[in-house]
Each structure stands twice: as C-alpha cells, then as structure tokens.
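Chain A is the first sequence line, chain B the second, and so forth, proteins listed ahead of strands; every chain is numbered from 1. A quick note: this is a predicted structure, and the numbers were derived from the prediction, not measured.
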Amino acid sequence: MVNALKLAFAIAGKDIRVELRTRTSLLSAAVFAVLVLLVFNFGRDPTAVATIDLAPTILWVTVSFASVVAMNRAFTVERENAAFDGLLLAPVPRESIYLGKYLANLAFVLVVEAIALPLFILFFNLDIVQALPGIILTLLLATAGFVAAGTVFSAMVVKTRFAELMLPLLLLPFMVPPLIFAVKTTAPLFAGRPLSSVVDGLRFLLVFDICIITVSVLLFTAVVDE
Amino acid sequence: MPPAEPPLVEARGLARRYGAVRALRGLDLTLERGEVLLVLGPNGAGKSTLLRSLAGLLRPEAGTVSILGRPLTRDDPDARRPIGLLSHQSLLYDELTLTENLVLAGKLYGVPNTEARARAALEEQGLLDRAEARPRQLSRGMLQRAAIARALLHDPALLLLDEPFTGLDFIAADRLRALLATHATADRGVVIVTHHAAEAWDLVTRIGVLAGGQWLLEVPKPDDINAFQARYLELVRG
Amino acid sequence: MTADTDAARGIITRGVVLTLLGLLGIAVEMVLAIKFTPVEALQGPAQKIFYVHVPAAVMVLWVAVPLAAIAGLLYLWLHDPRLDRFAAASAEVGTMFCLVVIITGPIWARPIWGAWWTWDGRLTLTLFLFFLLLGYHTLRSAIRDPNERARFSAVLGGMGLVLVPFIHLSVYLWRGLHPKPIVLKPSAPSLPPEMLRTLLIGFAVTFIFYLGLVTLRYGIQLRDDLKEAADAA
C-alpha cells in the first residue's frame with residue numbers, strides 16, 4: 001500500500017516536472033481562463049444584471065473550460081518514444097499509474113483555478129473575503145470528481161484522431177453534476193450566507209467524487225491493458 | 001536433488017486477434033536461462049504481438065505466460081520485474097534528462113541507491129558526459145545506448161529486444177552486439193525479434209520462424225547461416 | 001467461413017422481419033391510439049403523442065442504454081466480440097429512440113406546457129443522455145483497432161452508468177414540470193383502461209421494433225467483420 005502510493009507520487013512528480021519544464025498546458029490553460037473571464041466581462045450588460053448574480057456561473061464556466069485545456073496534455077507526454085510502455089512494463093500496479101496521473105492532473109487544474117479565482121474576484125470587483133474558505137472548499141470538491149473522469153478519458157483520447165476535440169465531448173457531461181452543485185453551493189456563499197447553509201451541496205459533491213473516483217480507478221485498467 | 005527451477009519463460013497456447021486478423025494462434029514457447037532465441041518472420045507474422053505478450057504489455061485472448069514460474073496477470077505486477085524490453089523506441093521522456101529518466105525508471109523498479117545506479121548505468125554506456133542531455137538531443141546511436149541503460153537498469157533476467165538494430169549504423173550495431181554478448185550469460189535469457197537473421201546470428205542459440213501466428217520452425221541454431229537463409233526463404237514463400 | 005457468412009445473413013434476415021413486424025405493430029398502435037382510444041379530457045388530442053413518446057423514452061432509459069452499458073462491462077470481463085457488437089447496436093438504436101423522445105417531447109409540450117422546451121429534470125436528463133450517446137459513437141468512430149474500440153467504448157459506458165443517476169438527481173433538484181410516471185406506480189395505474197391498453201401495446205410493439213433494429217445492426221456488423229477477416233486472410 002505504502003509502496004503503491006510511493007510509485008504514484010513518483011509518476012505524479014514526473015508529470016509535474018515535465019510540465020514545469022514545458023509549461024505548455026498550464027500556460028495555455030491559464031491564459032484561456034483569463035480570456036474566458038474577459039469575454040464574460042464584456043458579454044454582459046452591467047446595468048441590467050448585478051455581477052453578484054452572475055458570479056457563480058462565470059466562475060464555474062471558466063473553471064470547467066480551462067480544466068479541459070489543462071487535462072488535454074496529460075497523456076500526450078506518455079506517447080513520445082512509447083514512454084507509457086515503460087510505465088506499463090514496470091512492476092507498478094495499474095492503480096498507482098492512474099493515481100499518479102490523477103494527482104498530477106489535479107495539481108494542474110488546481111493551479112489554473114488558483115490563477116483564475118483571484119482574477120475573477122479582481123475583475124468583477126467582488127467583496128467575498130468571508131466566503132472564500134467555502135468557495136475554495138467547493139472548488140476542491142467539484143474539481144476532484146471531474147478530474148478523475150478526465151484522467152480516464154485523456155488516456156483514451158490520446159489514442160484517437162482529433163484528441164483535443166474528443167476530450168471535451170466526452171468530459172463535459174461529467175462536469176454537469178459538479179457544475180450544477182458547485183453553482184448551487186457558491187451562490188448562497190456569494191450572497192453572504194454561512195458555510196453551514198450549503199452542507200447538503202458539499203455532501204452531494206463528496207458522494208459524486210467518491211463514486212466517480214472509484215469507477216475511474218476500476219475502469220482505468222481496461223483502458224491501458226491491451 | 002534440489003527442486004527443478006521453473007523455466008525463465010513458459011508460454012502456453014498464446015492466441016490473440018486484432019479484430020478479424022489472428023495475430024497469434026496457439027503458440028507455445030519455453031526459454032531457459034542461458035538461451036538466446038532469435039525470432040524471425042515476415043511482416044504481420046505475429047512477432048511484435050508475441051514479444052508484447054511476453055512483456056505483459058498485451059493480454060492474450062487465450063493462453064498464459066509465466067516468467068520464472070509466475071504467471072503474468074493483472075493482479076501481480078511483481079511478476080513483470082524480471083523483464084527488460086528494448087525496442088526501436090527508447091521509452092524515455094523527451095522533457096527529462098537522461099539522469100532523470102533513469103532515476104524515474106529506478107524508482108518504478110524499486111532499485112536501491114537509484115541515483116548511483118543511474119550514474120553507473122550511464123557510465124557503462126559511455127553516456128556520462130550526456131547525463132544532463134534530453135533524449136531528443138542525442139544521435140540515434142546514443143539514444144539506443146540510453147534506451148539500453150534504461151532497459152538494463154534493474155538487471156532483468158529476461159531481455160526482450162524488438163528490432164533493436166533498426167536505424168543503427170555499423171558501429172552502433174556492433175556495439176549493441178558486443179553488449180548483448182556480455183549480457184547473455186548463463187543466468188539470463190534473451191529473445192530477439194528481427195527481420196534479418198544475420199544481424200544477431202553469432203549471439204543466438206535457437207531460432208524460431210513465425211508466420212501467421214504459428215511456429216513454422218523452432219530449432220537450435222543450425223551451423224550454416226547461408227543454408228538456413230535459403231531454407232527460411234523457402235519456408236516463408238511456400 | 002461461408003457458414004459464418006450464412007449465419008450473418010440469417011441474423012440480418014431475422015432483423016429485417018422483426019423490424020417490419022415492429023413497424024407494423026407501431027402502425028396498428030397508432031390507429032388504435034387515434035381511432036379507438038378516448039381523447040384525454042384536459043390535454044385534448046395532443047396527448048396522443050404520449051403513445052409514441054413514453055414507449056420510446058422507456059426503451060432508451062430502461063432497455064437500450066442500460067443493456068449497452070452492461071454488455072460493455074461484460075465485454076471487459078469476457079472479451080467476447082459479440083458483446084461489443086451488441087453494445088454498439090443497442091447504443092445506436094437507443095440514440096435513435098432518444099432522438100424520437102427529444103423531438104416528440106416539445107411537440108407535446110408546446111400546447112400543454114406552453115413552451116417548446118423547459119429545463120425540466122427528465123427532459124434535461126434525456127438531452128444529456130443523447131449527448132453521451134453521441135460522444136460514445138464519436139469515440140467509436142475515432143478508433144481503428146477493434147479491441148481498443150470495444151474496450152474504450154465499454155469504459156465510457158461504465159462511466160456513463162455511474163454518471164446518469166447523478167445527472168438525474170442534480171437536474172431533478174432544479175425543479176421539475178414533468179408529469180409523474182403513470183404506469184409503474186405502487187398503487188393501481190391511474191390511467192383509464194383503454195388508454196392503458198394502448199400504451200401497453202405501445203410498449204410491446206416498440207420493444208419488438210427495438211429488437212428488430214438491434215438484430216439487424218448486429219447482423220450487418222457481423223457481416224462487415226467477416227468480410228474484413230476474409231480480406232485480411
């Protein structure tokens with residue numbers, strides 16, 4: 001068990017090192033997130049709709065689209081020189097490989113979110129300091145689930161034609177439940193209500209995470225075992 | 001009398017299909033320590049499928065592969081530990097330096113003293129001065145040596161080679177042959193898949209000819225390569 | 001080889017017969033629905049679409065899609081290409097039924113709810129199911145290796161099986177306009193007997209139609225696979 005985790009960390013560490021060196025997907029995802037925020041800013045009529053009413057939607061749409069961009073590269077790095085064969089060949093449980101890739105993806109998406117969130121607060125002039133812990137918790141819970149599905153799908157789409165288009169097509173439906181509940185959870189928080197008022201939403205997100213992560217771990221083996 | 005050690009490789013009834021195409025049909029193979037098997041065959045004979053099955057990268061539809069008596073299954077990752085694979089692709093990450101690549105491989109195999117072992121492996125291959133280089137900055141010959149360093153890092157008892165001479169010039173090919181000759185000792189086994197028997201003729205102890213996913217021939221190495229080549233052509237064409 | 005080809009041809013023929021039977025049955029059901037079933041007092045003639053809509057919806061949600069997903073998961077276990085062929089066929093026919101549901105729904109909703117589309121729970125679920133199915137077919141069409149295609153689409157199906165209840169739950173809590181299920185209630189069905197009779201006939205003939213199309217699709221795929229094998233040999 002400890003060894004399986006250590007192997008997963010080694011794989012995740014490798015992905016993070018590669019990404020820090022190239023910065024391709026992190027940078028493009030971050031820029032993408034900023035652009036989406038900008039588009040939203042100009043795509044609304046500030047005199048007609050109060051920012052605070054639109055804020056949860058803007059945050060979640062930005063986060064979900066930027067996440068797809070961040071996850072797209074997860075397995076292209078494995079394709080060069082058949083490096084993924086090297087992982088599969090090693091005496092490493094498939095679950096450790098999945099966990100390693102999942103943790104790396106989670107780190108990337110959380111970094112993109114960490115960039116998008118302050119900008120979002122800044123651009124839309126929100127005064128939400130007291131709501132911030134709740135919003136971050138919601139972000140974490142909502143992200144954990146769809147990144148799990150995204151990791152499985154990015155392992156599949158890398159073997160298809162038009163991989164970059166295929167990932168959002170497969171993944172967006174899996175973002176619907178977390179998106180709906182994240183919006184439902186963050187809206188009261190933005191409105192200044194306490195964290196205790198959104199416990200049900202958080203609980204739903206947690207259940208969703210557990211189910212999706214479980215089925216992802218189980219099915220990942222079927223993706224990589226030829 | 002001590003109990004007999006299980007064979008290095010024991011494959012029974014391997015079968016595999018790609019859609020409608022049958023790549024392997026009920027293939028058996030036993031390899032003992034100290035043996036070097038050359039697998040020959042035309043394109044589509046099933047050579048790569050066989051090798052990937054032996055490496056545990058491919059799940060056969062039917063049949064089993066055991067390495068040192070331990071069946072290769074999904075639930076037993078440690079059964080793969082004695083396997084080393086060298087193909088014409090390096091299995092190295094382009095964005096990592098050679099040292100980082102080898103250290104990663106060492107961690108995956110649980111090799112003790114990973115850093116020192118990686119350094120020693122690079123030194124063996126004469127790549128110490130390129131330790132901080134990326135794979136894509138290397139020439140084909142050097143890349144092959146880096147791939148060898150990776151494949152041998154955990155001192156595998158079974159070495160699988162998938163067309164290892166592809167793209168190598170005479171000097172690099174000679175070097176590889178010399179290395180294989182030192183590696184193929186009495187306690188290790190090697191399987192070499194190739195198109196050209198002459199490339200590895202001096203190294204091998206047995207020859208197998210594969211066509212249509214079955215052995216056409218599986219014999220100890222004959223004495224005369226020219227007679228064998230003629231027979232091989234006859235077999236494959238007939 | 002020819003025996004296999006004959007078998008494929010036999011399956012296709014059976015599929016055609018069943019499909020035609022199903023179509024005939026649906027035509028009979030239509031006549032029955034329009035001529036011999038009373039007009040619903042509140043909704044008027046618009047309610048007639050219900051005899052197409054409900055069987056199609058049940059076929060998608062409870063037959064075509066779950067069977068495709070389960071066949072996919074069984075494939076991952078047994079690696080039998082027949083399971084993959086069936087999963088693909090069932091998903092394809094399910095997509096067609098899903099389209100029927102999505103089209104007939106608004107036609108009924110416009111006069112009854114006063115809107116073509118609402119973000120009602122089951123409506124939204126059906127729409128997302130449709131997109132999941134489109135993703136499934138797109139994924140299949142983008143993979144050439146048959147084993148890989150079977151594995152990947154089975155994985156997507158398994159993931160979808162877990163997702164759908166969550167989508168259902170999340171959009172349900174979004175507020176629902178949709179009429180409550182009428183037949184499968186613990187108490188006695190609340191539908192007048194003539195309407196219930198027509199609806200039950202609808203279920204039966206739609207199921208025959210589904211079976212026919214799946215058999216047909218399965219047979220065609222089998223024939224193509226055999227042809228590919230013959231070409232490769």
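- Proximity to chain C involves both the backbone and the side chain of A/Ser216, based on heavy atoms less than 4.5 angstrom apart.
- Across C/Thr138 and A/Met166, no two heavy atoms sit closer than the pair O-CE, 3.8 Å.
- A 4.5 Å side-chain heavy-atom check between A/Phe174 and C/Leu132 finds at least one atom pair inside the cut-off.
- The shortest distance between side-chain heavy atoms of A/Phe208 and C/Leu163 falls below 4.5 Å.
- A/Lys159 and C/Phe152 make their closest contact through CB-CE2, 4.1 Å (heavy atoms, listed as atom of the first residue, atom of the second, distance).
- Summarising the geometry of A/Leu219 relative to C/Val155, their closest heavy-atom pair is CD1-O, 3.6 Å, with the distance given to 0.1 Å.
- Shortest non-hydrogen contact noted between A/Ala222 and C/Leu76 is CB-CD2, 3.6 Å.
- Contacts between C/Leu161 and chain A at a heavy-atom distance below 4.5 Å are absent for every atom of the residue.
- There is no contact between C/Arg149 and chain A, counting heavy-atom distances below 4.5 Å.
- A/Phe204 has its ring centre less than 6.0 Å from the ring centre of C/Phe166.
- Side-chain contact between C/Leu156 and A/Phe153 is present, with heavy atoms from C-beta onward closer than 4.5 Å.
- Heavy-atom minimum distance, A/Met156 versus C/Leu139: CE-CD2, 3.8 Å.
- The CG atom of A/Leu169 sits 14.5 Å away from atom OH of C/Tyr136, with the distance rounded to the nearest 0.5 Å.
- Separation of atoms CE (C/Met159) and CD1 (A/Ile212) is listed at 5.0 Å; rounding is to 0.5 Å.
- Once rounded to the nearest 0.5 Å, the distance linking CD1 of A/Ile180 with CG of C/Leu169 reads 10.0 Å.
- Interface check for chain C: of the options A/Thr214, A/Thr221, A/Leu218, A/Val223, the most heavy-atom pairs under 4.5 Å are formed by A/Val223.
- Using a 4.5 Å cut-off between heavy atoms, A/Val152 contacts chain C through its side chain alone, with no backbone atom that close.
- Residue C/Glu148 holds its CD atom at 9.5 Å from OG1 of A/Thr160, rounded to the nearest 0.5 Å.
- For the pair A/Arg161 (side chain) and C/Ser141 (backbone), a donor-acceptor distance under 3.5 Å is present.
- When every heavy atom of A/Cys211 is checked against every heavy atom of C/Val162, the shortest pair comes out as CB-CG1, 4.0 Å.
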